[in-house]
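Data first, discussion second: the structure below is written as structure tokens.
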Amino acid sequence: MSLIGTLLGYVLTLFIVLLIVRLVLDWAGVLRVGPPWLGRARTLTYAGTEPVLAPVRRVLRPVRAGGISFDLAFTVVFIVAVILRSVAFSL
């Protein structure tokens, strides 16, 4: 069972890193800065994270505050992934 927990922990670590990269690339897109390959990198991170974020986003809609909206789905998925990662590594 330890091998399965370790492998699952590494997969979740990779997913968390992918979420962080998506966060940084999204902010770079908002600020309109970055190299030309930014669009391709953003597409790759969306392909890896959107299958998990989309169902959660349907349940937890973004909260609007004036002209800004806060994506609660991203935050919830990130926190759950961190918790599951620590549980997987403790197996």
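For this chain, numbers begin at 1 and follow the sequence in order.
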- Message: Check whether R42 reaches the backbone of L25 with its side chain - one donor and one acceptor, N or O, closer than 3.5 Å.
- Response: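 Checking the backbone N and O of L25 against the side chain of R42, a donor-acceptor pair under 3.5 Å is found.
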- Inter- and intrachain pairs under ring pair (Phe, Tyr, Trp, His ring centres under 6.0 Å), touching residues 38-79, at least two apart: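 As it turns out, there is no ring pair (Phe, Tyr, Trp, His ring centres under 6.0 Å) pair with a partner in residues 38-79 once direct neighbours are skipped.
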Can you give me the closest heavy-atom contact between [X] and [Y], atom names plus distance?
X   : Y   : value
A47 : P51 : O-CD, 3.4 Å
P62 : R57 : CD-CG, 4.5 Å
V52 : V56 : O-CG2, 3.5 Å

Report the distance from atom [atom1] of [X] to atom [atom2] of [Y], rounding to the nearest 0.5 Å.
X   : Y   : atom1 : atom2 : result
L44 : W37 : CG    : CH2   : 10.5 Å
F15 : R85 : CZ    : CZ    : 13.5 Å
L91 : T6  : CG    : OG1   : 8.5 Å
T49 : I20 : OG1   : CD1   : 12.0 Å
L23 : T45 : CG    : OG1   : 10.0 Å

- Query: Considering only heavy atoms from C-beta outward, does the side chain of L53 approach that of L19 to under 4.5 Å?
  - Reply: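 In short, these two side chains touch, coming nearer than 4.5 Å.
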- Message: Could you check whether any side-chain heavy atom of F89 comes within less than 4.5 Å of a side-chain heavy atom of L12, counting everything from C-beta outward?
- Response: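 They are not in side-chain contact.
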Do the side chains of [X] and [Y] join up, straight or via other hydrophobic residues, at under 4.5 Å, putting them in one cluster?
X   : Y   : answer
V80 : Y10 : no
V82 : L60 : yes
L84 : L8  : yes

